[in-house]
Peer 1: 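Okay, handing you the structure first.
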Amino acid sequence: MNWNELNDISQLEEMKELSKKKPVLIFKHSTRCGISSMALSRLERKWSGDEIEPYFLDLLRYREISSVIASDFGILHQSPQAILLKEGKPVYNSSHNGIDFDEIRSIVKEMESV
């Protein structure tokens, strides 16, 4: 899995635009949290999402970006958290043990068939 590192607020606008061409996944991760590490590992083991552009946000280094994401998309900050963007808007949001790649892939496939 090749993560794009999300480390600058300006990337959010680029990601919104990109999501008009292909879904974008934001994974918010706390390197000090065992649950976050477990969710990341589960996601990476199941990953087969060439049709999805993945972005990784290190919350300990870039917490302000998470705050902007929460404000821009109207989504309460959580960690770990996965947010799927399509057409510049969130179409999936889950956290902790609820993060499920099969569910994310299913949503992407539904969007492709519409």
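Computed from a predicted structure; not experimentally measured. Below, all heavy atoms of this structure are taken into account, side chains as well, without hydrogens, waters or symmetry copies.
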Peer 1: Any chain of hydrophobic side-chain contacts (each under 4.5 Å) joining Ile26 to Leu43?
Peer 2: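 Hydrophobic grouping puts Ile26 apart from Leu43.
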
Peer 1: Check for a donor-acceptor pair, side chain of Gln81 on one end and backbone N or O of Leu76 on the other, with a separation under 3.5 Å.
Peer 2: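 Checked: pair present.
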
Peer 1: Would Val91 and Phe101 show up in the same hydrophobic cluster when neighbours are defined by side-chain heavy atoms closer than 4.5 Å?
Peer 2: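 Val91 and Phe101: one cluster.
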
Peer 1: Sort and list the pairs that fulfil salt bridge (Lys or Arg N to Asp or Glu O under 4.0 Å) and have at least one residue in residues 6-19, not counting sequence neighbours.
Peer 2: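 Non-adjacent pairs meeting salt bridge (Lys or Arg N to Asp or Glu O under 4.0 Å): Glu13-Lys16, Lys16-Asp72, Glu17-Lys20.
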
Peer 1: Within this structure, what is the CD-CG distance for the pair Glu5 and Leu57, rounded to the nearest 0.5 Å?
Peer 2: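 Atom-to-atom, Glu5:CD and Leu57:CG are 9.0 Å apart.
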
Peer 1: Contact between Asn4 and Glu53 at the side-chain level, heavy atoms closer than 4.5 Å - yes or no?
Peer 2: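 Answer yes - side chains close enough.
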
Peer 1: Kindly compute the distance separating CH2 (Trp47) from CG (Asn2), expressed to the nearest 0.5 Å.
Peer 2: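 If we round to the nearest 0.5 Å, Trp47:CH2 and Asn2:CG are 10.5 Å apart.
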
Peer 1: In this structure, are over 12 heavy atoms from other groups packed under 6.0 Å from Asp102 atom CG?
Peer 2: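 For Asp102, atom CG is crowded (more than 12 foreign heavy atoms under 6.0 Å).
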
Peer 1: Is there a path of hydrophobic side-chain contacts, each under 4.5 Å between heavy atoms, that joins Ile83 and Val68?
Peer 2: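 Same cluster: Ile83 reaches Val68 through Ile, Leu, Val, Met, Phe, Trp or Tyr contacts under 4.5 Å.
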
Peer 1: So which atom in Ser66 and which in Leu59 form the shortest heavy-atom distance, rounded to 0.1 Å?
Peer 2: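 Ser66 and Leu59 have their closest heavy atoms at CB-CD2, 3.5 Å.
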
Peer 1: Backbone N or O of Arg105 within a donor-acceptor pair of the Glu51 side chain at under 3.5 Å?
Peer 2: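 Checking the backbone N and O of Arg105 against the side chain of Glu51, no donor-acceptor pair under 3.5 Å is found.
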
Peer 1: Are Met111 and Ile52 linked, directly or through intermediate hydrophobic residues, by side-chain heavy-atom contacts shorter than 4.5 Å (ILVMFWY only)?
Peer 2: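 Both belong to a single hydrophobic cluster.
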
Peer 1: Are side-chain heavy atoms of Ile75 and Ile69 found at a separation under 4.5 Å?
Peer 2: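 SC-SC contact between Ile75 and Ile69 ruled out.
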
Peer 1: Any chance you could measure Ile65, atom CD1, to Asn7, atom CG, to the nearest 0.5 Å?
Peer 2: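 Between atom CD1 of Ile65 and atom CG of Asn7 there are 6.5 Å.
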
Peer 1: Is there a donor-acceptor pair under 3.5 Å between the side chain of Arg42 and the backbone N or O of Ile99?
Peer 2: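 Yes: the side chain of Arg42 pairs with the backbone of Ile99.
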
Peer 1: Go through the steps to decide whether Glu64 and Ile9 satisfy the test side-chain contact (heavy atoms from CB on, under 4.5 Å), and finish with yes or no.
Peer 2: CA-CA 8 Å; Glu64 71 281 358; Ile9 290 173; 4.2 Å; yes

Peer 1: Could you point out which residue of Val108, Leu18, Ile107, Ile104 forms a side chain to side chain contact (heavy atoms under 4.5 Å, CB included) with Pro23?
Peer 2: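 It is Val108, the one option of Val108, Leu18, Ile107, Ile104 that forms the side chain to side chain contact (heavy atoms under 4.5 Å, CB included) with Pro23.
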
Peer 1: To the nearest 0.5 Å, how far apart are CZ in Arg63 and OG in Ser79?
Peer 2: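 OG of Ser79 is found 8.0 Å from CZ of Arg63.
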
Peer 1: Under the ring-ring contact (aromatic ring centres under 6.0 Å, His included) definition, can you give me all pairs with a residue in residues 52-82, not counting sequence neighbours?
Peer 2: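 Those involving residues 52-82 are Trp3-Phe56, His29-Phe56.
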
Peer 1: Are the side chain of Ser19 and the backbone of Gly88 linked by a donor-acceptor contact shorter than 3.5 Å?
Peer 2: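 Answer holds: yes.
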
Peer 1: Any idea which heavy atoms bring Ser36 and Ser30 closest together, and the distance?
Peer 2: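 That closest heavy-atom pairing would be OG-N, 3.1 Å.
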
Peer 1: Which value, rounded to the nearest 0.5 Å, describes the distance between Leu85 atom CG and Met15 atom CE?
Peer 2: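 Here the interatomic distance stands at 6.0 Å.
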
Peer 1: Applying a strict under-4.5 Å side-chain criterion to I, L, V, M, F, W and Y, I'd like to know whether Val24 and Phe27 cluster together.
Peer 2: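 The answer is no; the residues belong to distinct hydrophobic clusters.
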
Peer 1: How far apart are the closest heavy atoms of Gly98 and Tyr92, and which atoms are they?
Peer 2: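 Result for this residue pair: O-OH, 3.4 Å.
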
Peer 1: Yes or no on side-chain contact (heavy atoms from CB on, under 4.5 Å) for Asn97 and Met38, after CA distance, side-chain angles and deciding distance?
Peer 2: CA-CA 8 Å; Asn97 293 327; Met38 182 179 63; 2.9 Å; yes

